[in-house]
Amino acid sequence: MSASFSSTSLPFSESSFAFQRPPLLCSKVASNNFHSVACGGRLALNVGGTSLCRRFRGFKLWVLERLNFQFQSPKQPKNRIRFENNLENSGSSNEKGPLSDSSSILRVPDDKVTSMESPSLQQTGLSATPMDVSRKPSLCISVIGATGELAKSKIFPALFALYYSGFLPENVGIFGYSRKDITDEDLRSIIASTLTCRVDHQENCVDKLDAFLSRTYHINGGCDNKYGMSMLNSRMEQMEGGSKTNRIFYLSVPQEAVLDVTASLSSSAQTQNGWNRIIFEKPFGFDALSSFRMTQYLLSNFEEKQIYRIDHLLGRNLIENLTVLRFSNLVFEPLWSRTYIDNVQVILSEDLTKHPGRYFSGYGIIRDIVHSHILQTIALLAMEPPVSLDGEDIRNEKVKVLRSIRKLEPKDVILGQYKASGGAKVDTCLNGLTPTYFAAALYIDNARWDGVPFFIKTGLGLIKHQMEIRIQFRNVPGNVYRECMGHNMDRAVNELILRDVPDEAILVRVNNKVPGLGLQLDSSELNLLYKDKYNMEVPDSYEQLLLDVIDGDNHLFMRSDELEAAWNILTPILNEIDKDNISVELYEMGGRGPVGAYYLWAKHGVRWVED
């Protein structure tokens, strides 16, 4: 058998000169007669299977040597992987030879190149995935608005916490994008002071910190986002080296910049060698119309599965516990309906240490907290059991709840705004009568929750920081111990309390007999206090949500139809506020909020709970 080569051209047709899968040639059960292989009409083989196997291996080694490839023994699977990497990178190789032009390189598809000992490869269980010998990242994360306060105080610390705990690949690429003319080292210096290791770890903290910072880079986007995103893409591609890499883009930018940034990102920064996911910060629009327009624009540039609308309050452990507590405990699920539950109270209050964000004065507490966090909490609490824990299955059930919530009426809403300390003036950081307090009674018009009021109480500048959900059960029908409970029967109701702040806990209020002679009943709490039960630090909510994005778990992120349903609930109230048809009650900083909220609870026959 002979073959001649002239420069890089081969005398065989492309289709005939394909490396066939070795099992077809060398299998022990293959026929002993391999009649012919046509090679441009010049070559015919009619030999036994064993002879052909040896000749083909020799011929393959000879061809690869002539083509200046580096080939190592196929008996070593790891070296075979190294060989595949060399094939992929041969176009940029510094080796000199007759095939210096990358366009003339013979590129062999992955599915055509396998070890000549392929059965043994399967037996060892080793993956055919190429090794990451060049430290190319399998994941790149870009923070758009990298020098902003949110990025410095929350996003970068969360990314480092994930990296330190092993939830990010060691070769991850972190890219900060901003309009500031700073270097990589400048960005590293900016964020280094905010990065800390967990109290419960601390091992190799300095080494991990240095490794994380060394993989953090800055891109100056300038004033032209399209050009800036092209620069970001080039920097990422340079680091990725053509390997399969996924990308996450976190948009920590003002609302007015979102559309321009997303358009440039969509056209200039997405990878074609993996998936792309984009994280958007709240608020998600100013009203139903602006939210609809933004959604349509986003969906014209991205698929729904790429979009992650983040609300850091939904990353709290309390929210994750809602579905776990309900669907994994038989004791609760049969009671989870109008038959046994009298009312549900969702409480989120911030004390004097919490100050409104810079955009709060234009949006208020309804758009900032109620639209996303409060309504999502109610949806998770009230939804039907999902088909599975898949994010889309959970979202399908959440949107059913949101669509079933009755539109709010002004008579069931109390608005408030805190006064500056020591005077009657409204705080100067707020424009007009922007609500800083919201209380309301919601009703879900479906078979499970018909007639059960869901109370909302949320505000800023209150007496204490509190985040909890109270589920109050109905009185026992025909209670034979009625006379032993005293005059206040409301205090004798059973109650399930899910508390996140001040101390995370699960509390169950039950009635019991007081020890001693006679028969006297008392209402006591069975409690699971997390800090006593679990000796560990609770991760920040941004860590939880970023890890969900990496894993593709989207159940805590609002889908477009959920967004629309939430606006439909709140739009009537927002319209009434714009028309000045709802009064805003002033309340003292550090107080308990508007007095009207007490009367709202009483109107619906529910006891106001004050610890």
Side-chain angles (χ1 to χ4, degrees), residues 139 141 150 152-170 172 174 191-213 250 279 310-329 331-332 347-351 353-354 373 376-377 380-381 389 391 394 464-470 496-508 525-557 611:
L139 175 65
I141 301 175
L150 177 63
K152 291 186 293 185
S153 63
K154 291 295 184 180
I155 302 174
F156 283 115
L159 289 174
F160 174 64
L162 292 175
Y163 183 80
Y164 179 72
S165 301
F167 290 105
L168 289 181
E170 289 190 6
V172 65
I174 307 293
I191 66 176
S193 61
T194 66
L195 306 183
T196 58
C197 296
R198 288 199 183 285
V199 175
D200 54 351
H201 288 168
Q202 293 294 337
E203 297 179 1
N204 303 322
C205 180
V206 176
D207 294 339
K208 285 283 189 178
L209 181 60
D210 291 342
F212 178 82
L213 292 175
Y250 196 124
I279 304 174
I310 191 171
D311 181 347
H312 71 280
L313 292 173
L314 294 175
R316 308 288 297 188
N317 197 55
L318 166 68
I319 304 301
E320 289 280 11
N321 242 337
L322 286 178
T323 51
V324 173
L325 192 69
R326 176 182 169 189
F327 297 126
S328 67
N329 293 285
V331 67
F332 293 121
I347 302 167
L348 172 57
S349 62
E350 300 283 0
D351 56 21
T353 61
K354 176 71 174 180
H373 172 66
Q376 284 289 297
T377 300
L380 286 166
L381 182 73
L389 292 179
I394 295 177
K464 65 179 179 180
H465 183 27
Q466 184 181 12
M467 188 181 302
E468 66 182 27
I469 300 169
R470 289 179 171 266
L496 173 63
I497 305 170
L498 310 178
R499 178 176 296 158
D500 187 73
V501 177
D503 293 314
E504 187 172 1
I506 299 175
L507 312 172
V508 180
E525 288 182 349
L526 309 178
N527 69 77
L528 166 61
L529 196 60
Y530 274 64
K531 66 180 183 181
D532 293 340
K533 174 68 174 178
Y534 304 103
N535 184 25
M536 61 182 298
E537 183 184 1
V538 178
D540 183 76
S541 57
Y542 278 93
E543 297 175 39
Q544 177 66 54
L545 294 174
L546 281 169
L547 184 58
D548 285 347
V549 175
I550 295 169
D551 293 339
D553 183 355
N554 54 14
H555 80 282
L556 292 177
F557 301 84
D611 290 337

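Computed from a predicted structure; not experimentally measured.
- Comment: R316 engages D500 in a salt bridge, judged by a side-chain N to carboxylate O separation of less than 4.0 angstrom.
- To the nearest 0.5 angstrom, Q466 atom CD is 11.0 Å from E350 atom CD.
- Put simply, the side chain of S541 gets close to the backbone of H312: a donor and an acceptor are under 3.5 Å apart.
- Between N317 and E504, the side chains place a donor N or O and an acceptor N or O closer than 3.5 Å (distance only, hydrogens not considered).
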Side chain to side chain contact (heavy atoms under 4.5 Å, CB included) for L139 and L168? Distances and angles first, verdict last. CA-CA 8 Å; L139 175 65; L168 289 181; 4.1 Å; yes
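- The minimum heavy-atom distance linking H555 with G391 is given by the pair CB-CA, 3.8 Å.
- Counting only heavy atoms from C-beta outward, the side chains of L528 and K533 approach each other to under 4.5 Å.
- The distance from the CG atom of L380 to the CG atom of L314 is 7.5 Å, given to the nearest 0.5 Å.
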Give the C-alpha distance, both sets of side-chain angles, the deciding distance and a yes or no for side chain to side chain contact (heavy atoms under 4.5 Å, CB included) between M467 and I347. CA-CA 6 Å; M467 188 181 302; I347 302 167; over 6 Å; no
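- By the 30° and 60° cut-offs, the orientation of the rings of Y250 relative to Y542 is tilted.
- The shortest distance between side-chain heavy atoms of I310 and V549 does not fall below 4.5 Å.
- More than 12 heavy atoms of other residues, nucleotides or ligands lie within 6.0 Å of OH in Y530, so this atom counts as buried by the packing criterion.
- Taking both residues in full, the closest heavy atoms of L496 and F332 are given as CD2-CE2, 4.0 Å, listed atom of the first, atom of the second, then distance.
- The two residues P502 and R499 make their nearest non-hydrogen contact at CD-CD, 4.0 Å.
- With hydrogens and angles ignored, the 3.5 Å screen pairs a side-chain donor or acceptor of R326 with a backbone N or O of L381.
- Between T194 and K152 the shortest heavy-atom distance is OG1-O, 3.0 Å.
- Under the 6.0 Å distance and 45° angle rule, K208 does not count as a cation-pi partner of F160.
- For the pair A211 and Y163, the tightest heavy-atom approach, listed with the atom from each and the gap, is CB-OH, 3.5 Å.
- The two residues L313 and I319 come nearest to each other via the heavy atoms O-CG1, 3.8 Å.
- Taken from CD1 in I141 to CD1 in I174, the straight-line distance is 4.0 Å, to the nearest 0.5 Å.
- We find the CG-CG distance between L546 and L162 to be 6.0 Å, quoted to the nearest 0.5 Å.
- Residues T377 and I469 meet the side-chain proximity criterion, which asks for heavy atoms closer than 4.5 Å.
- Considering only heavy atoms from C-beta on, D548 comes within 4.5 Å of F557 through its side chain.
- Taking the side chain as every heavy atom from C-beta outward, R470 and L498 never approach each other to under 4.5 Å.
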Where do E525 and I497 land on the side chain to side chain contact (heavy atoms under 4.5 Å, CB included) test, with the steps shown first? CA-CA 10 Å; E525 288 182 349; I497 305 170; 4.1 Å; yes
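- Atoms CG and CG, from L556 and L545 in turn, are 6.5 Å apart once rounded to the nearest 0.5 Å.
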Verdict with supporting geometry, F167 and I550, side chain to side chain contact (heavy atoms under 4.5 Å, CB included): CA-CA 9 Å; F167 290 105; I550 295 169; over 6 Å; no
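- Between atom NE2 of residue H373 and atom CG of residue L348 there is a gap of 5.0 Å, rounded to the nearest 0.5 Å.
- In the displayed structure, L389 atom CG is contacted under 6.0 Å by at most 12 heavy atoms of other residues, nucleotides or ligands.
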